[in-house]
Amino acid sequence: MARVYCPHCGRLVDKLIEGMCEDCYIEKYPLITVKDKTLLKCKYCGAVYLRGKWVRARKTGTEELVKRILAEKATVRGIVEKIDVQEIGNKLHLHVTVKGSPHPLIAERALAYQIEFSYDNDICIDCREMLSKREFALLQVRGTPRGLDDAMKKKIFQIVEQELYKLKDKRIGYISDIKNTENGVDIYTTSAGLARHLAYVIHKHFPSQIVETAKNIGVKDGRRLYHMTYAVIIITYKPGDIIVLKGERKSTISINNKFIVLYSIETKKYEQITIRELLSSKPLLIGNS
Ligand SMILES: [Zn+2]
Ligand SMILES: [Zn+2]
C-alpha cells in the first residue's frame, strides 16, 4: 500500500481518514465531549442538580453520581471503563477512561481524558425547606478561664468531622456555618438535633458542661418556634493554677473529664469535685504556681 503524508501532522501513514491520520482524527474527535461545564451544587448538603432533580452522592455513591453527570453534561462515544474523581475547591476534576472508536476504520481502544466541571452554589429543595422551618441552631464551644487555643479548636473540628461522617446517611441536618471566635468556635446547624448531638459528643471528649438555652422566635402553624443554643463550656484550668473557690484559695492538682482535684492552700487538704460543681461555684483564677 502506498504511504501518504498526513496534512495535519506531517507523519507518513498507511491511510488517511477524512483527510487526516488516525492519531489526528482521534485528537479531533474525542470519545468524550462536554456540552456544559457547570454544575449546580447545594452549598449545604452537596447535592448536584441533574435532570430536574437534586442528586446526592451519599445515596448513589460517587461513581454513580459522576456517571449521571457525564450522561447529562457530556456525550460519550464508547464505554466508560474507569473514573477517578477529585474535588478541589469549587472544581470537580475527572480522569475518565473511555473505550471506543471515533470512526469505523479506527480500531477500538481505551483513551484517557481529563475533564473539569465548575460548581455554582445554590440551595437544594430539602435544605431550603429545612432553612425555612427556621429550626436552625447554634452550638457554641467556649473555654474557661482561658479561651480555646488553636490545638483545642483543631481537635473540636476533627471530632465534628468524624461525627458528621458517622451521621452521613441520617437526615439529621447540616452545618450551615462555622465561625472561629476569639476564645472558641460557633457552629451553626440546620437542625437543633444536630447541634445537640454534636454538643454531647464534644462534651464527652473534654472536661466540660453543656448549657442549653431556647429563645422563642415566634409561632408557625400553631407551633412555637425556638432558636436553640447549646453552649459547651470547656474547663481550661492547668495543674498548678491558683484559684479562689467559695472564698478559699486552692491550687489545681489534676483534671479529667469528670473531676478536678484541688489542694486547699489554707486548710492543706485535698478534695475532688465534679466539673459541674466547680463551674457552678464560679471559681476565679488568680495565678499559676
Ligand atoms: Zn496526523
Ligand atoms: Zn441541600
Side-chain angles (χ1 to χ4, degrees), residues 1-33 38-62 64-66 68-69 72-73 77 85 87 89-92 100-113 117-139 160-161 163-179 187-195 197-198 227:
M1 190 191 276
R3 305 198 88 198
V4 285
Y5 286 101
C6 167
H8 292 269
C9 65
R11 263 187 301 166
L12 195 57
V13 291
D14 289 336
K15 62 173 188 279
L16 294 179
I17 300 155
E18 291 174 20
M20 63 191 96
C21 75
E22 215 175 86
D23 289 346
C24 287
Y25 196 91
I26 285 168
E27 206 183 308
K28 187 161 182 213
Y29 300 101
L31 295 179
I32 186 162
T33 42
T38 55
L39 290 168
L40 220 51
K41 185 186 182 185
C42 174
K43 63 178 174 179
Y44 294 125
C45 70
V48 176
Y49 193 69
L50 291 170
R51 293 186 203 277
K53 276 188 187 151
W54 287 95
V55 186
R56 287 169 191 84
R58 66 188 155 89
K59 276 206 185 125
T60 61
T62 306
E64 176 59 28
L65 176 66
V66 169
R68 288 201 206 175
I69 290 172
E72 174 162 339
K73 305 279 181 175
R77 283 164 290 264
V85 184
E87 253 177 340
N90 71 334
K91 298 262 192 260
L92 175 70
S101 163
H103 194 279
L105 290 176
I106 297 174
E108 214 181 48
R109 67 199 62 197
L111 295 166
Y113 297 94
F117 290 98
S118 328
Y119 289 126
D120 274 345
N121 280 334
D122 201 343
I123 304 173
C124 78
I125 316 171
D126 287 4
C127 291
R128 208 175 282 275
E129 196 190 306
M130 217 155 353
L131 289 170
S132 74
K133 281 184 189 157
R134 303 213 297 172
E135 276 186 351
F136 53 85
L138 171 61
L139 166 60
V160 168
E161 207 173 298
E163 210 50 36
L164 288 180
Y165 184 75
K166 281 189 214 159
L167 294 170
K168 69 184 192 314
D169 297 325
K170 303 208 171 80
R171 287 175 54 103
I172 187 171
Y174 306 102
I175 288 179
S176 53
D177 202 6
I178 294 180
K179 281 182 184 139
I187 298 171
Y188 292 84
T189 65
T190 56
S191 80
L194 179 60
H197 178 85
L198 292 175
H227 183 179

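Atoms within each ligand, like the ligands themselves, are counted from 1 in listed order.
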Check your understanding: Once rounded to 10°, what is the value of the angle centred on the Zn ion (ligand 2) between Cys42 SG and Cys127 SG?
Key -> 110°
Review point. Where the Zn ion (ligand 1) is the corner point, what angle links SG of Cys6 with SG of Cys9, to 10°?
Key: 110°
Exercise for review: Determine the interplanar angle of the Tyr25 and His103 rings, folded into 0 to 90°, and report it as parallel if under 30°, tilted if 30 to 60°, perpendicular if over 60°.
Suggested key: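 Because their plane-to-plane angle is over 60°, the rings of Tyr25 and His103 count as perpendicular.
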Practice item. May I ask you to test the Arg128-Asp122 pair for a side-chain heavy-atom distance under 4.5 Å? Key: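 Yes; the side chains approach each other to less than 4.5 Å.
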Practice item. Measure the shortest side-chain to side-chain distance between Arg109 and Ile26 over non-hydrogen atoms and say whether it is less than 4.5 angstrom. Key: yes
Exercise for review: Please indicate whether Glu161 has more than 12 foreign heavy atoms, meaning atoms of other residues, nucleotides or ligands, lying under 6.0 Å from its CD.
Suggested key: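 No - once you tally the heavy atoms of other residues, nucleotides and ligands closer than 6.0 Å, there are 12 at most.
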Review point. With a cut-off of 2.8 Å, does Cys21 place any N/O/S atom under that distance from the Zn ion (ligand 1)?
Key: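 Yes.
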